[in-house]
Amino acid sequence: MVHPHNEPPLNPMPPVVMALFIVIVGVEAAFSLGGYGLIGGPSALGWRLEAMERFAFFGQVLRWMLATGQFPAEHLVRFFSYPFVHASFTHALFAGVMLLAMGKMVAEALGSVRTVVIFFASTFAGALAYGLIVETQVPLIGAFPAVYGLIGGFTYLLWLRLGQLGAQQVRAFSLIGMLLAIQLVFGLIFGGSKDWVADLAGFATGFTLTLLLVPGGWARLIDKLRRD
């Protein structure tokens, strides 16, 4: 039995979530320190741009692959590498903080393997939707589509919990509704990009995958629809 005084003041972060966070922060730290000339010498000033050219996801690259039937590894990797390249320190910081918050709750409920599956499946789905739907030369970068996938997973888990408590399950969608509303406002004010398409695709993927990954999740949904 663990004595209350020996319990950690904070619940430990699931290792897989911490590992993803460390990679994101580590990459951004290298870009930021290199940008300030603290590491890497003069060539470090271009590290972020070089990483974007090599690892960001471009919709026109996807369309080229579909048109030619060629799928080289150097371009396929973009579907999964773009979450680790951010536009700025602030961009990476917000993504990292949300990853810790959402990832902790999902990983504690579903386990590490399922959390990784949701993270990278949402990453892939976000890039695919962005490439097929959005006509733009702006690359897709940042971990937000994957984070939105974790939000989707959390939303489904909350939806189940509210149902067990007999509460209004629509409340589970309040977080995604608030986030999309904030994005809309910022877009109207500052002329934001269309990466919300990737975020929404990530959310839908995370929600759907969690439904399938939770034991009995699909049966619960069918039963709920029948009763409604």
Side-chain angles (χ1 to χ4, degrees), residues 16-17 19-35 39-89 91-92 94-96 98-99 103 112-153 192-209 212-213:
V16 66
V17 177
L20 291 168
F21 176 77
I22 289 174
V23 174
I24 289 173
V25 171
V27 171
E28 179 55 39
F31 292 160
S32 297
L33 293 174
I39 61 173
S43 64
L45 297 174
W47 281 354
R48 190 187 301 275
L49 181 58
E50 292 175 5
M52 287 185 182
E53 292 175 349
R54 184 174 179 183
F55 298 111
F57 178 82
F58 293 86
Q60 56 267 39
V61 172
L62 171 61
R63 290 188 287 274
W64 172 83
M65 288 192 293
L66 294 175
T68 62
Q70 301 179 51
F71 301 92
E74 63 182 290
H75 292 322
L76 289 177
V77 72
R78 297 176 185 274
F79 282 94
F80 303 101
S81 60
Y82 74 86
F84 303 103
V85 181
H86 292 80
S88 65
F89 173 80
H91 187 204
F94 275 103
M98 291 183 68
L99 169 64
S112 297
V113 174
R114 292 183 177 93
T115 301
V116 171
V117 169
I118 292 172
F119 183 93
F120 284 106
S122 300
T123 295
F124 178 81
L128 191 63
Y130 187 81
L132 294 177
I133 298 173
V134 180
E135 291 285 345
T136 180
Q137 301 295 318
V138 179
L140 177 64
I141 56 174
F144 280 102
V147 169
Y148 270 73
L150 296 174
I151 293 174
S193 66
K194 297 179 180 179
D195 54 6
W196 61 269
V197 172
D199 297 340
L200 193 57
F203 172 85
T205 301
F207 186 93
T208 304
L209 270 180
L212 298 174
L213 292 172

> Roughly how far, to the nearest 0.5 Å, is CG of Leu200 from CG of Asp195?
Replying inline: 11.5 Å

>> Restricting to non-hydrogen atoms, name the atom on Ala95 and the atom on Val147 that form the minimum distance, rounded to 0.1 Å.
In response: O-CG2, 3.8 Å

>> With a 3.5 Å distance limit and no angle check, can you tell me whether Thr205 reaches the backbone of Ser122 through a side-chain donor-acceptor pair?
In response: no

> If you round to the nearest 0.5 Å, how far is OG1 of Thr136 from CD of Gln60?
Replying inline: 8.0 Å

> Can you find a heavy atom in the side chain of Val134 that is under 4.5 Å from one in the side chain of Leu140?
Replying inline: no

> Which atom pair, heavy atoms only, marks the closest approach of Pro72 to Met65?
Replying inline: CD-SD, 4.2 Å

>> Do Glu53 and Pro139 have side chains that approach each other closer than 4.5 Å (heavy atoms only, starting at C-beta)?
In response: no

>> I want to check something: taking the side chain as every heavy atom from C-beta on, are Phe57 and Leu62 in contact at a cut-off of under 4.5 Å?
In response: yes

> Mind checking whether His75 and Trp64 have parallel, tilted or perpendicular rings, split at 30° and 60°?
Replying inline: perpendicular

> Ignoring hydrogens and geometry, is there a side-chain-to-backbone donor-acceptor pair from Tyr148 to Trp196 under 3.5 Å?
Replying inline: no

> Roughly how far apart are Ile118 CD1 and Thr208 OG1, rounded to 0.5 Å?
Replying inline: 10.5 Å

>> With heavy-atom distances below 4.5 Å as the criterion, would you say the side chains of Phe119 and Leu20 are in contact?
In response: yes

>> Just so I know, are the side chains of Ile39 and Trp47 near enough to count as touching, which here means a heavy-atom distance under 4.5 Å?
In response: yes

> Where do Leu209 and Ala121 come nearest, in terms of heavy atoms and distance?
Replying inline: CD1-CB, 3.4 Å

>> For a side-chain contact (heavy atoms from CB on, under 4.5 Å) check, start with the C-alpha distance between Leu150 and Val17, then their side-chain angles and the critical distance, and finish with the verdict.
In response: CA-CA 11 Å; Leu150 296 174; Val17 177; over 6 Å; no

> Around atom CZ of Arg54, are there more than 12 heavy atoms of other residues, nucleotides or ligands at under 6.0 Å?
Replying inline: no

> Say you draw a straight line from CZ of Phe207 to CZ of Phe203; how long is it, rounded to the nearest 0.5 Å?
Replying inline: 6.5 Å

> Just how far is it from atom CD1 of Ile141 to atom CZ of Phe55, taken to the nearest 0.5 Å?
Replying inline: 13.5 Å

> Taking the side chain as C-beta and beyond, is there a heavy-atom pair between Pro145 and Tyr82 under 4.5 Å?
Replying inline: yes

>> With a 4.5 Å cut-off on side-chain heavy atoms, are Phe71 and Leu66 touching?
In response: yes

> Between the side chain of His86 and the main-chain N/O of Ala143, is any donor-acceptor distance below 3.5 Å?
Replying inline: yes

>> Parallel, tilted or perpendicular: which one describes the rings of His91 and Phe144, with boundaries at 30° and 60°?
In response: parallel

>> Whether the side chain of Arg48 engages the backbone of Val85 through a donor-acceptor N/O pair (distance < 3.5 Å, no angle test) should be reported.
In response: no

>> Heavy-atom count check: over 12 atoms from other residues, nucleotides or ligands less than 6.0 Å from Phe94 CZ?
In response: no

>> Using 0.5 Å steps for rounding, measure from the CE atom of Met52 to the CZ atom of Arg78.
In response: 12.5 Å

>> Less than 4.5 Å apart, side chain to side chain, heavy atoms only: is that true for Ile133 and Lys194?
In response: no

